[in-house]
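Reviewing the structure listed below.
To find a chain, count down the sequence lines: A is the first, B the second, and so on, and within it residues start at 1.
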Amino acid sequence: MQRLFLIAEVAGRTVAIDSDQVESVVDIGEVTAVPRAAKPVRGLAALRSRVVTVVDTEAALGLNGCSLARRAVITRVDGHSYAMLVDVLEDVAPFVLKPLASGVALEGAWGTAARGLIERDGEPILAIDLGALVPGSTLLPDQD
Amino acid sequence: MDDLLQDFIAETRETLEALSGEIVAWEAHPADRARLDAIFRFVHTVKGSCGFLDLPRLERLAHAAEDALAQVRDGARTPDRALVNAVLAVVDRIGEIVEAIDAGHALDHGGEDLLIAALAEGSSEVIAAAAIGAPRTASRSVRLNVDLLDRMMIGMSEMVLARNELARRLRMNAIDPAVEAALERLSLTVGEMRDTVMRTRMQKIDALFSPLPRMVRDIAATLGKSVSLEIEGGDVELDREMIEVLRDPLVHIIRNAIDHGIEAPAERRGAGKREAGRLTVSARQSGNQIIVDIVDDGRGVDVDRLIAKLAAIGVRSERELRALPLRAQLELMFHPGLSSRDSVSEVSGRGVGMDVVKSCVDQIGGRIELENRPGHGLHIAIRVPLTLSIMSAIIVGVGKQRFAIPRQSIDEIVRAQGAAIRIDVLGGAPIATVRERRMPLLDLAELLDLPRSGSATAQMLVIVAAGPGSYALAVDSVIDNEELVIKPASPAVMATGIYAGQTLPDSGLPMLLLDGGGMARVAGLDFSRDLDEAFGAASAEPEAPGLPALLFRDLDGAHRAVPLAAVDRVEQVASSQVCHAAGQYRLTVDGRILPLAMQGTIDGRARFSVLRLKDEDVEVTYAIDEALDIIALPADFVPARVPGRAAGVALVDGEQIELLDVLWVFDAHADRATAREAPLCLIAGDRDGWMTTFVRPLLESAGYRVATALAAGEAPAVILSADASDAPQADAPVVRLRRKRQAEAGDDSVYRYDRAGLLFALEARVGAR
């Protein structure tokens with residue numbers, strides 16, 4: 001069954017995001033920092049009359065870089081709105097979600113976010129779950 | 001049930017109004033399926049609700065109509081004029097009965113059988129359109145969609161913001177007094193309006209608490225445990241949205257408490273606890289938060305086992321987990337996929353639970369605090385914001401960033417360079433002395449790790465009240481006072497523990513609301529010493545928190561205390577209101593003459609205070625010099641040897657405080673109006689005054705007259721004796737009290753702390769005469 005996917009570039013990789021998870025795509029304005037919050041929390045931004053939590057997807061994936069992107073995908077998780085920073089938005093098109101090829105070991109946090117893959121003109125693209133990248137209220141301190 | 005009935009009436013009335021058009025249309029086109037369905041749904045709903053609400057008459061009518069309509073829907077019957085008429089008559093009748101229920105007057109059964117008979121196929125019953133002009137009571141409630149209330153709230157928030165903006169712009173220039181007055185009026189109206197709108201969203205937390213007794217009983221019965229539940233604070237009001245969100249977490253915590261916390265009766269006996277576990281659920285408001293406390297007296301959380309479990313499922317190594325601070329170790333119980341119980345039970349322990357509780361509470365910007373007393377129970381406090389709405393806040397600046405602090409948690413704001421302010425460093429910790437009040441100093445810039453703007457030191461100190469203590473928060477600037485619409489922030493932001501929510505002020509740039517208590521916790525400020533002082537007595541003796549009493553300086557200069565429950569109020573009176581008449585002092589107050597008791601003299605005083613002591617209809621005043629404080633009396637006070645003015649002596653803050661015997665005050669001063677025919681109970685052999693102190697109030701409240709010695713011509717109905725050796729002097733049945741809990745064989749005495757047993761024994765013997 002074909003579903004609509006948003007093809008975007010996150011942390012230098014092309015990924016596919018299920019359109020069900022995407023509320024809108026916006027350009028983020030000024031961001032208010034949230035001191036002491038976990039690293040993936042870039043801050044807060046205003047979206048019309050709403051306040052959204054801006055998530056640095058690179059940090060959420062456990063990568064060292066910090067995203068310079070201003071473009072974001074708005075998603076809702078557990079009643080809160082999040083703006084997930086993405087580098088480039090490429091396309092919206094219907095694809096068939098397929099399971100990951102067995103034996104593929106994904107690097108770092110990609111593993112927890114991966115939901116399968118789609119094929120675009122023969123090129124496999126990782127389908128990710130934005131919810132898995134949203135930082136929660138961690139009970140355990142970061143392990144580093 | 002009344003609520004349900006009201007809902008039913010409102011709903012039926014509303015549907016009937018909407019249906020009247022359908023009915024007319026159906027009458028014109030009996031074959032119209034959509035109309036038929038609408039009417040069918042209506043009678044079907046009424047039938048269902050009636051069965052539930054026990055309204056057999058309505059149910060019978062609705063049932064008959066439903067049957068007839070079902071036949072039409074199935075195609076077994078074609079609607080004809082007679083059927084339409086009959087159904088309409090039934091629908092009308094339902095409307096009449098509902099109005100009658102609402103107005104509370106009776107409606108005769110006349111014709112209902114006819115109505116039902118008319119529904120039968122081929123019936124030729126002629127239905128006279130019942131036109132009883134029953135007076136319809138004006139409906140005083142409307143049912144609204146919650147969405148509408150939400151929209152109203154959002155509109156209200158916008159209005160407040162617009163008012164702020166307008167005020168700011170107007171005040172930038174010199175303002176015409178007439179405009180100022182108009183603005184003032186607008187502000188007032190908007191403020192009142194805001195309170196009203198907010199109230200429409202509030203609901204008593206009782207909605208959450210009322211199903212608990214049944215639930216606790218059922219769960220406890222399933223598990224073979226006995227639990228006594230206490231509920232307090234059902235009157236506290238909370239945003240209805242919050243109530244919905246809290247429902248599941250509360251149920252879950254209570255299940256856990258009964259299943260995991262409270263032990264089986266045998267185990268409790270072994271641990272020296274009473275067999276029935278105690279579970280207290282209470283709600284209270286504290287500033288801008290509602291705190292729901294769930295306290296059980298079970299075994300508490302076994303942190304060691306928790307850690308072993310988490311290590312076993314591979315969350316972290318045991319060593320790492322043990323290295324966490326104690327509080328964090330305890331909070332591991334919120335870890336997903338954890339069940340601290342080894343065996344899965346029917347009630348809980350499926351490994352889903354506390355993590356869900358936490359995420360629910362997180363969602364509304366709340367916080368859960370745990371206090372574990374291994375072997376003695378667990379105290380869970382859920383703190384949630386009062387409402388997701390408007391709050392008055394002070395905006396402070398640190399570096400380039402601005403933060404809001406709720407007005408309610410701010411004691412005062414002072415300049416750091418002010419004359420009465422000292423800032424010192426004590427053992428590495430900065431402290432501020434504000435007008436001789438010493439408190440810890442917290443630098444917001446350091447706490448948040450933000451660079452300071454301009455000057456190297458903070459300019460302003462905001463004194464923040466955080467639960468038991470206060471601290472000074474150093475900020476660069478205090479900018480403004482604004483009404484803000486506060487929304488809960490996302491879990492990742494709340495996890496920092498120092499924010500209470502987020503808001504979008506006029507600047508268009510999101511701002512964080514700081515949490516006074518949270519900052520203190522994160523910075524490691526320790527107010528537990530004050531806490532211990534405040535709660536020391538309570539936590540050591542949770543069974544008897546101490547009797548609250550009013551401490552006062554008496555006319556003779558002595559400090560005395562009187563149980564707070566006995567004091568109706570304290571009042572200032574003038575000596576001119578006092579008269580020595582009919583053998584005692586009497587006070588004229590509120591147009592009445594009340595007896596005035598005193599120890600000492602009021603001579604030479606122009607004014608003094610009186611305690612107004614009230615016991616049902618009897619009122620006595622007691623003259624004092626000055627009311628001092630409200631204290632908690634220790635449970636183990638020394639009873640007086642001789643019954644009289646003092647009930648006993650208690651040690652309060654190292655000082656011996658005499659406890660005024662309220663019974664003496666009433667006994668010696670109240671104008672007698674007690675029922676003479678009440679059975680007289682003679683207390684014999686009360687050497688240590690124990691019975692007079694403890695048993696007498698019980699007896700009197702149970703309707704006995706009590707005497708320690710017989711007046712001439714009096715005969716006791718029953719004699720209460722502490723000792724077998726005290727021979728009863730009168731011809732009356734004797735009830736003996738014993739000191740030991742267990743009775744020896746053939747001993748018919750009553751254990752002296754067994755209140756119910758004592759009253760029962762007295763009643764049995766008085767009744768047997």
Side-chain angles (χ1 to χ4, degrees), chain A residues 23 26-62 70 72-85 109 112 130-144, chain B residues 154 157-158 161 245 310 315-316 320-321 323-325 328-329 331-336 355 358-365 367 398-403 444-445 447-450 485 487-499 501-505 507-512 519 522:
Chain A
E23 200 180 288
V26 295
D27 282 324
I28 292 294
E30 194 174 344
V31 174
T32 305
V34 181
R36 290 190 81 111
K39 214 165 128 199
V41 177
R42 174 64 67 81
L44 305 176
L47 193 69
R48 289 183 298 281
S49 61
R50 267 193 305 167
V51 176
V52 297
T53 307
V54 183
V55 177
D56 184 337
T57 38
E58 282 196 34
L61 283 164
R70 299 236 61 96
V73 174
I74 305 295
T75 186
R76 271 187 90 77
V77 177
D78 286 340
H80 292 280
S81 295
Y82 296 89
M84 315 293 290
L85 293 176
T112 47
L130 283 183
L133 294 182
V134 165
S137 54
T138 42
L139 293 165
L140 295 166
D142 279 338
Q143 212 168 13
D144 45 18
Chain B
I154 293 169
S157 310
E158 291 297 322
L161 296 180
V245 179
L310 280 171
V315 175
R316 292 285 164 88
E320 273 180 288
L321 292 174
L324 291 174
Q329 286 186 6
E331 284 183 354
L332 291 174
M333 68 190 270
F334 295 124
H335 203 277
D355 56 324
K358 185 165 162 54
S359 78
C360 284
V361 175
D362 277 351
Q363 210 183 95
I364 49 172
R367 201 168 53 229
V398 176
K400 291 199 192 92
Q401 204 164 342
R402 294 178 172 197
F403 295 93
L444 189 58
L447 179 73
L448 301 179
D449 208 8
L450 288 173
V485 181
K487 296 269 170 63
S490 59
V493 174
M494 297 306 281
T496 55
I498 51 179
Y499 306 115
Q502 61 194 16
T503 178
L504 193 61
S507 64
L509 197 61
M511 186 159 63
L512 287 155
M519 285 190 287
V522 169

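- Interface summary for chain B: among A:Ala33, A:Ser81, A:Ala37, A:Gly29, the most heavy-atom pairs under 4.5 angstrom belong to A:Ala33.
- Ranked by heavy-atom pairs under 4.5 Å with chain B, the first of A:Val41, A:Asp78, A:Val52 is A:Asp78.
- Using modelled atom types, no side-chain atom of B:Gln502 and backbone atom of A:Leu44 make a donor-acceptor pair closer than 3.5 Å.
- The shortest non-hydrogen separation linking A:Thr53 to B:Ser490 is OG1-OG, 2.8 Å.
- Taking the side chain as every heavy atom from C-beta outward, A:Arg36 and B:Leu447 approach each other to under 4.5 Å.
- Both the backbone and the side chain of B:Leu448 have a heavy atom closer than 4.5 Å to some heavy atom of chain A.
- Minimum interatomic distance between A:Tyr82 and B:Pro491 (heavy atoms only, all atoms of both residues): OH-CD, 3.2 Å.
- Rounding to the nearest 0.5 angstrom, the gap separating the CD atom in B:Gln401 from the OG1 atom in A:Thr32 is 6.0 Å.
- The two residues A:His80 and B:Ala489 come nearest to each other via the heavy atoms CE1-O, 3.2 Å.
- Considering every non-hydrogen atom in both A:Ala46 and B:Leu504, the closest pair reads CB-CD1, 3.5 Å.
- For the residue pair A:Ala45 and B:Pro510, the shortest heavy atom distance occurs at C-CG, 3.4 Å.
- B:Arg402 CZ: 12 or fewer foreign heavy atoms inside a 6.0 Å radius.
- In the displayed structure, B:Asp449 atom CG is contacted under 6.0 Å by at most 12 heavy atoms of other residues, nucleotides or ligands.
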